[in-house]
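Sequence lines set the chain letters: A, B, ... in the order given, protein chains first and strands last, and positions in each chain run from 1.
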Amino acid sequence: MNTQQQKPDISQMVSPFLIFFILFSSQMGEGILSFGRKITKIAGYDSWISVLITGFLVTLVIIVIWRLIPPHEDLIDIHQTLFGKIIGNLLSFLFGIYLLVISMFVLRSYVEIIQVWFFPDLSLLWFYFIIYLLIVYIVLGGFRIIVGFAFFSAWIPLSLLFTVYTPFKTGHIENLLPILSTDYLNIIKAVEPIVSSFLGVELILLFAPFIRQFHKSRKWAISANIYTTLLYLLIIIADFFYFSENQIQQLTWPALHVWKIVSLPFIERFEYVGISLHFGSIIATTGLYFWGSVQSFHRLTKFSFRGISIISAISGVACMFVLSDYLIVEKLSALLTKAGMYLLFLYIPFLYICHIIHTGVKKRLES
Amino acid sequence: MKVNKILLTFICTIMLLTGCVRTTVIDDIELIMLYGFDWDPIKEQYIGTAVSPLYGFSEQTSVRENTYYTSRSKTVQGINAKTQNKAPFQVETGKLTSIMFGEELAEKGIKKILQGINEIPDIGRNLYPVIVKGKAEDLLAKKYELQQTFPHYIKSLMESNMKRNLPNMNLHLFNYQNSGDGMDPFMPIVSTSTAAADVIGLGFFSKDKLVHEIGPDQFFTFKSMFENITDGTYQFEWRKKNQSIDVISIRSSHKKEWVSKDKLNIIITIDGFLAETVSVSVDNTREKEELEKEIGKDLEKDAVRLIKEFQETEIDPLMIGASARSKFRDWNKDEWQQRYPAVEITPIVKFHIKQINISQ
């Protein structure tokens, strides 16, 4: 286990095309199982349009991020050059906290499924302990190990795709008609809950120096985002074919109910396989966020990477005492979604504008 | 290296964690495979009958007779808990094949039971909801001499019937039609017979209450309007020649065509062949066309009667409201419910004789 450096050398960098898997894995969290309910509550059968809109907006954010980041720098450098050392570091610290909370939240919402579906009497302390052991192990292995994990976990949602066969075969296509029967405003409003399933883009602000020929990798990030959008679109349309509008709003995880009907000769109920397989995606997402937060703390302070990651892991295990109530989890989910939305659609463009002004002023001063 | 050793120890201790969650050994569980529910109007509570086939403990005694447990409670979970009081092993509901409702309960409303069933994550959606003529308990408590266990018998009875004459229905579809706008659900009705159980009809629900029934004679007509059939039989009385002919459908498709807001055509196209037509020979085009038309007319007459019954009882199992919703932008649930009985629905049946029979 090599100790992390503040700035990576070539031995820690990864190929530009791997940004596809990094971005896709960080976007693929628990949201894919539950967003159907959240958006249908707002925009009904038309909310699939919101998925497309969100995908488009996030693509714009990706383009902005690629224009924002100078070569070999990350968000912490940008914060420092734009806002000075104190305010800049404070903002970076907040960003680190945000990433840490998301990594806890992704895990927590998955544990919720395990508790409801598999083992109501699961001992959370042990479970968290083992998961964080795994995550710390992955994170300490370096950026390349994280990316390796992300690479493999990216295939999991693909392998579960065949489950949309039943909804498409037996479903009711006319559910989607007439298109745009809901208010336009509601379709825009439904963007908010789904943004949480697209989060992960902001991590690139920290990953950037670790990617070789970063500026050439934009096309991979955009294609990853398009892939995510199409996957979500497919799943939401399958849900709409399969469920009635009132029905889907009552289901906490609509995707799992689609799996309920799949019955294979060797396993009576497929959702048990699906949930277990999805664990890989969860670990990758949590690991990526966890790495991001540890890296930002590491860059801000003089503490070692290993020390910070162990402290963060302990705080992660401790958080299960705070996040034991599902009502708190719901609240946190709403809060994080809002935070993520403002981060993507307000803060990053704001940073970009500051960046343009900054470079403009610098150029004028130089000339 | 030291860290690696510690890590290895940790990973080894993970193996010990298997004791942390509840284990279930397949021999030591009471696998409930069929649930029947009845309503006790005096005590105002549900009567649940759980059937669990106990598999023999040695290979010689293959299947033991059904064991059934009857318990009373106001909730599904309560019935589950009380079943546990009587069962020697842990009660598990993961392999339910069917849920049965007594006639009286179905007429009173099954919303609460359904809700209770839907909330249990163990229970799948691929199971058959069934109405029992009379009391569910009476059907389940009887002893049958069958090759397979009674729950499996019900399952295969439903499965094979849904291929031929019953329209497709499972718990998911029932929930879908129960909660969706502009549609109403239905369930097959079974009753006790000498062998075990027979399908004797189809019960239609308004919201969650049983309000209407049709008999086996109308299965084909309903199924052809409800979904596409691959295999179905219909008996046609050819009055002109005083003959009964069996019409066997190879495939059929149905389409709803809205002429205007209050006018709907349901176009059913059936490709089929005739059976038991020994004395009626159809060998020229004119005669064939005439017969096709006659059969079509006969089916249409049946369909009109069925639709009228639905409109009179204000139920919509054919999902006409949902079709209107997808067609007209200003569709409104309350307004539709008032308008539905007056909507002019015309079934148009196009029957084609596609094949000749093996005997001429």
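- For B/Phe226, the ring-ring contact (aromatic ring centres under 6.0 Å, His included) criterion is met by B/Phe186, B/Phe222, not counting sequence neighbours.
- Although no hydrogens or angles enter the test, the distance criterion places a donor-acceptor pair under 3.5 Å between the side chain of A/Lys260 and the main chain of B/Pro121.
- Put simply, CG on B/Leu173 and OG1 on A/Thr170 are 6.5 Å apart, with the number rounded to the nearest 0.5 Å.
- Judged by distance alone, the side chains of A/Asn175 and B/Tyr176 do bring a donor and an acceptor atom under 3.5 Å apart.
- Of all the listed residues (A/Ile179, A/Leu251, A/Ile248, A/Leu256), the one sharing the greatest number of non-hydrogen pairs under 4.5 Å with chain B is A/Ile179.
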Give the C-alpha distance, both sets of side-chain angles, the deciding distance and a yes or no for side-chain contact (heavy atoms from CB on, under 4.5 Å) between A/Glu174 and B/Arg325. CA-CA 9 Å; A/Glu174 70 269 13; B/Arg325 189 198 71 88; over 6 Å; no

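- The backbone N or O of A/Tyr242 sits less than 3.5 Å from a side-chain atom of B/His172, completing a donor-acceptor pair.
- A donor-acceptor distance shorter than 3.5 angstrom exists from the side chain of A/Asn246 to the backbone of B/Ser179, with no hydrogens or angles considered.
- Atom CZ of B/Arg251 has 12 or fewer neighbouring heavy atoms from other residues, nucleotides or ligands inside a 6.0 Å radius.
- Around the NZ atom of B/Lys155, the shell of radius 6.0 Å holds no more than 12 heavy atoms that belong to other residues, nucleotides or ligands.
- When heavy atoms are compared at a cutoff of 4.5 Å, B/Asn178 does not approach chain A at all.
- Using a 4.5 Å cut-off between heavy atoms, B/Leu127 does not touch chain A at all.
- Between the OG1 atom in A/Thr166 and the CZ atom in B/Arg125 there is a gap of 14.0 Å [rounded to 0.5 Å].
- A/Gln247 and B/Asn175 make their closest contact through NE2-CB, 3.3 Å (heavy atoms, listed as atom of the first residue, atom of the second, distance).
- Atom NZ of B/Lys255 is surrounded by 12 or fewer heavy atoms from other residues, nucleotides or ligands within 6.0 Å.
- Residue A/Tyr165 qualifies as open at atom OH: its count of foreign heavy atoms under 6.0 Å is 12 or below.
- Neither the backbone nor the side chain of A/Gln250 comes within contact range of chain B; no heavy atom of the residue lies under 4.5 Å from a heavy atom of that chain.
- Other residues, nucleotides and ligands contribute over 12 non-hydrogen atoms within 6.0 Å of the CZ atom of B/Phe328.
- Rounding to the nearest 0.5 Å gives a distance of 6.0 Å between OG of A/Ser244 and CE of B/Met183.
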